[in-house]
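The structure under discussion appears below in the form of structure tokens.
Letters go in sequence order (proteins before strands), and every chain restarts at 1. From a predicted model like this one, the values you see are computed outputs, not experimental measurements.
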Amino acid sequence: MFALIDCDSCFCSCERVFDPSLEGKPVVVLSNNDGCVVARSKEAKALGIKECMPFYQLAEKFPGVKIEARSSNYTLYGDISSRVMSIIRDSAPEVEVYSIDEAFCNLQGMDHMDLKKWGEELAAKIKKWVGMPVSIGIAPTKTLAKLAGRFAKNYPAYNKCCLIDSEDKRIKSLSISPVLDVWGIGHRFAKKLNYYGINTALELSKRSEGWVRKELTVVGLRTWKELNGISCISYDNMESKKSICTSRSFPGTVTDRDEILTHVANHAARCASKLRRQKSAASILTLFIATNHQRTDLPQYSKSINITLPAPSNSAHELILAVHKALDVIFIEGYKYKRAGVIVSGICSADAIQQNFFDISPELKERYRKISKVIDAVNRKNGDDTLILARQQYNTDTKTGKASKFKNAIKHEFRSPCYSTNLNDIIRVK
DNA sequence: TCTGGGGTCCTAGGACCC
DNA sequence: TCTGGGGTCCTAGGACCC
């Protein structure tokens, strides 16, 4: 059996942990640049606020309604999440952290227990110890556990935990679930299925294997098997990512090549730091730049390019060198750019890097490695971006001579304090 | 008139997830 | 004025190789 533990309105609940006045009110959390809604409390969902709704439209669509908005504060959410995950790890033998607000547990060897009771107690413990409300679904496959989790979330009678442990319960739950509610079926597939007269999960599960393979590819086929009780989405610890991406939209638009270079240099440095944190290195770097695709009235341009590095690397120096080369190839003067990003892939362990004869000298490599180590140590202690490479700075203040990294900085107008991780914020709150 | 079969790599895009 | 960011996996077409 698998259990899915899912935080209820995760980001909104995190905000409420430290600001109980938000309890019972419609709360939304916004994306970077306060662009659009990425999380909604139950009350906000009830109002009809849709996921990904642009923030500025809230006032137009809900005049006179008091909606509490917060800018996203990932430092806070990450810390609360790790507390929740650590309680889950103490309660189950095998835990797979699926996302910031979800974890799967493999309950193998716990068959003798009352799993419904186990789930209810775990949910109560997480609420009591961290203040985070969670819903738990338990079933023979992950896809069915996800479905059970939805029932636990939507019907208070389940007391935060829904168990699908018999054929009757499986059929019943599939028969009342629209296909769109199934994990792995998105809007496109749902529309297609509806076209063929398939509206419930049960109807999908009764189609032939060959038909599902043809219409929904091998991915859909896995979902179909899982709905039929055959577990085939295996345990994946996801500790080492296969690709790492850092990208941002610019608050306005950018036309200057050098300014874009500075942005992507920062993205590259961030990728390097993420690679070092998971003790790996990447051999391929992808750079992409794009104009604002929503502004159909403006000329559009979107381009990406792959650079194969001479040898896998996790040093900011080498990745920045690569984005510099990459940008020279794809940048075209004259467009209003809105977004740029760096993806690193071809990831291997940092201890097992295959040397390349044509790479930079081992002495230089060693210097870069030492510099990275110092950067990590300083930034761990003093906060991200305390120490950066020169290429990452936007300009130098002519009066003070100090480097500024915050030209065109991201907007976070309604950001809550980092209550649980930043000493100054903790003191201020007290 | 008549032109194979098998493979890799790259690019681009689509679909899904949170 | 104002529309996010980070992932995974799959497919299709083109270029190129033998």
Side-chain angles (χ1 to χ4, degrees), chain A residues 4-11 28-40 50-61 69 71-72 74 77-78 81 96-104 142-143 146 149 179-193 213-223 233-234 236 238-253 267 270-271 274 278 284 286-288 290-298 302-308 329-330 336 338-347 410-413:
Chain A
L4 170 78
I5 295 106
D6 191 336
C7 298
D8 299 341
S9 307
C10 182
F11 297 168
V28 296
V29 173
L30 308 173
S31 65
N32 266 337
N33 292 321
D34 295 338
C36 61
V37 173
V38 292
R40 304 155 295 158
K50 298 272 178 269
E51 174 104 52
C52 290
M53 186 181 266
F55 176 50
Y56 71 92
Q57 286 180 2
L58 283 188
E60 296 167 13
K61 296 209 169 150
S71 306
S72 39
Y74 289 102
Y77 311 150
S81 167
E96 174 191 341
V97 176
Y98 178 68
S99 70
I100 194 165
D101 70 331
E102 270 179 62
F104 283 107
K142 287 185 177 177
T143 305
K146 286 283 264 187
V179 278
L180 190 57
D181 285 359
V182 174
W183 188 43
I185 304 293
H187 279 98
R188 296 294 172 93
F189 281 175
K191 205 172 157 193
K192 189 173 196 174
L193 290 168
R213 170 68 183 83
K214 184 168 148 272
E215 298 295 334
L216 306 182
T217 79
V218 292
V219 186
L221 186 61
R222 273 201 288 273
T223 299
I233 299 178
S234 62
D236 181 0
M238 296 193 291
E239 267 160 23
S240 193
K241 299 224 160 44
K242 289 166 186 149
S243 69
I244 289 172
C245 174
T246 303
S247 72
R248 292 286 178 276
S249 296
F250 312 129
T253 51
H267 297 341
R270 183 104 184 85
C271 284
K274 289 178 184 174
Q278 66 167 37
I284 298 166
T286 307
L287 171 71
F288 65 87
T291 51
N292 187 348
H293 67 273
Q294 325 240 31
R295 290 289 303 271
T296 43
D297 54 318
L298 295 175
S302 158
K303 187 79 182 163
S304 76
I305 184 176
N306 284 343
I307 300 268
T308 302
V329 180
I330 61 173
K336 291 190 157 107
K338 181 64 183 171
R339 197 171 139 75
V342 173
I343 305 166
V344 290
S345 54
I347 290 174
I410 286 162
K411 224 166 78 184
H412 275 130
E413 221 172 302

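Contact check, A:Arg270 against C:dG5: no side-chain N or O comes under 4.0 Å of OP1 or OP2. Within the structure, a side-chain polar atom (N or O) of A:Ser249 is placed less than 4.0 Å from OP1 or OP2 of C:dG5. Residue A:Ser31 places none of its side-chain N or O atoms closer than 4.0 Å to OP1 or OP2 of C:dT3. Contact between the side-chain N/O atoms of A:Ser243 and the OP1/OP2 oxygens of C:dT8 is found at a separation under 4.0 Å. In this structure, A:Lys146 does not reach the B:dC17 phosphate: none of its side-chain N or O atoms is under 4.0 Å from OP1 or OP2. Distances shorter than 4.0 Å separate some side-chain N or O of A:Arg248 from OP1 or OP2 on C:dG6. For C:dT3, the OP1/OP2 oxygens have no side-chain nitrogen or oxygen of A:Arg295 closer than 4.0 Å. The shortest distance between the side-chain N/O atoms of A:Asn33 and the OP1/OP2 oxygens of C:dT3 is not below 4.0 Å. Contact annotation: A:Lys338 does not reach the phosphate of C:dG4 (side-chain N/O to OP1 or OP2, under 4.0 Å).
Side-chain proximity of A:Ser247 to the nucleotides B:dC18, C:dG7, C:dG6 is greatest for C:dG6. Side-chain atoms of A:Cys52 lie closest to C:dG4 of the nucleotides C:dG7, C:dG4, C:dC2. Taking only side-chain atoms of A:Tyr74, from C-beta outward, the nucleotide of B:dT11, C:dG7, C:dG4 with the closest atom is C:dG4. The listed nucleotides are C:dC2, C:dG4, C:dC10; the one nearest the side chain of A:Cys36 is C:dG4. Considering only side-chain atoms of A:Asp101, the nucleotide from C:dG4, B:dC18, C:dC2 that sits closest is B:dC18. When distances are taken from the side chain of A:Val218 to each of C:dG5, C:dC10, C:dC2, the shortest belongs to C:dC10. For A:Gln294, whose side chain is taken as the heavy atoms from C-beta onward, the closest listed nucleotide among C:dT3, C:dT8, B:dC17 is C:dT3. For A:Phe189, taking side-chain heavy atoms from C-beta onward, the closest of the listed nucleotides C:dC10, B:dC16, B:dC18 is B:dC16. Proximity note for A:Lys242 (side chain, C-beta onward) versus C:dG5, C:dC9, B:dC17: the nearest is C:dC9.
At least one donor-acceptor pair closer than 3.5 Å links the side chain of A:Lys338 to the backbone N or O of A:Gly252. With hydrogens and angles disregarded, a donor-acceptor distance shorter than 3.5 Å links the side chain of A:Ser72 to the backbone of A:Leu30.
Ranked by how close their nearest DNA chain C nucleotide is to the 5' end, A:Ile244 and A:Arg213 are led by A:Ile244. Looking at which nucleotide of DNA chain C each of A:Phe11 and A:Cys245 is closest to, the 5′-most match is held by A:Phe11.
B:dG4 and C:dC17: their C1' atoms are spaced 15 Å apart (whole Å).
With a 4.5 Å cut-off on side-chain heavy atoms, A:Lys142 and A:Leu4 do not count as touching. At a threshold of 4.5 Å between non-hydrogen side-chain atoms, the residues A:Glu102 and A:Lys146 count as touching.
Regarding A:Asn306, its CG atom lies at a distance of 14 Å from the P atom of B:dG13, rounded to whole Å. Atom CZ in A:Arg222 sits roughly 13 Å away from atom C1' in B:dC17 (whole-Å rounding). Between the CG atom of A:Asp8 and the C1' atom of B:dC18 there is a distance of 15 Å, given to the nearest Å. Between the CD1 atom of A:Ile330 and the C1' atom of B:dT11 there is a distance of 13 Å, given to the nearest Å. When rounded to the nearest whole Å, the span between CZ of A:Arg188 and C1' of B:dC17 equals 15 Å. Atom NZ of A:Lys50 and atom C1' of C:dT3 are 17 Å apart (whole Å). If you take CD1 of A:Ile305 and P of B:dT11, they are 8 Å apart, rounded to a whole angstrom. Note: CG (A:Leu216) to P (C:dC9) measures 19 Å, nearest angstrom.
Base pairing of C:dC18: its partner is B:dG5, meeting the Watson-Crick or G-U wobble criterion (both donor-acceptor distances under 3.5 Å).
Shown here for A:Phe288 and A:Val342, the closest heavy-atom pair between the two residues is CE2-N, 4.3 Å.
Within the nucleic acid shown, A:Lys192 has no heavy atom closer than 4.0 Å to any nucleic acid atom. When heavy atoms are screened at a 4.0 angstrom cut-off, A:Cys10 is found touching no nucleic acid atom at all. Using a 4.0 Å heavy-atom criterion, one finds that A:Ile185 contacts the sugar-phosphate atoms exclusively. At a threshold of 4.0 angstrom between heavy atoms, the contacts of A:Ser72 with the nucleic acid are absent. Among the heavy atoms of the strands lying under 4.0 Å from A:Val219 are primed sugar atoms or P, OP1, OP2 only; no base atom is included. Heavy atoms of A:Asp34 sit nowhere under 4.0 angstrom from any nucleic acid atom. When heavy atoms are screened at a 4.0 angstrom cut-off, A:Leu30 is found touching no nucleic acid atom at all. A:Val182 comes within 4.0 angstrom of the backbone, heavy atoms only, and of no base.
For the side chain to side chain donor-acceptor pair (under 3.5 Å) with A:Thr246, the lone residue among A:Arg270, A:Lys274, A:His267 that qualifies is A:Lys274.
Between A:Tyr98 and A:Trp183, the ring planes lie perpendicular to each other; the angle is over 60°, past the 30° to 60° tilted range.
The environment of A:Lys192 atom NZ is dense: over 12 non-hydrogen atoms of other residues, nucleotides or ligands sit within 6.0 angstrom.
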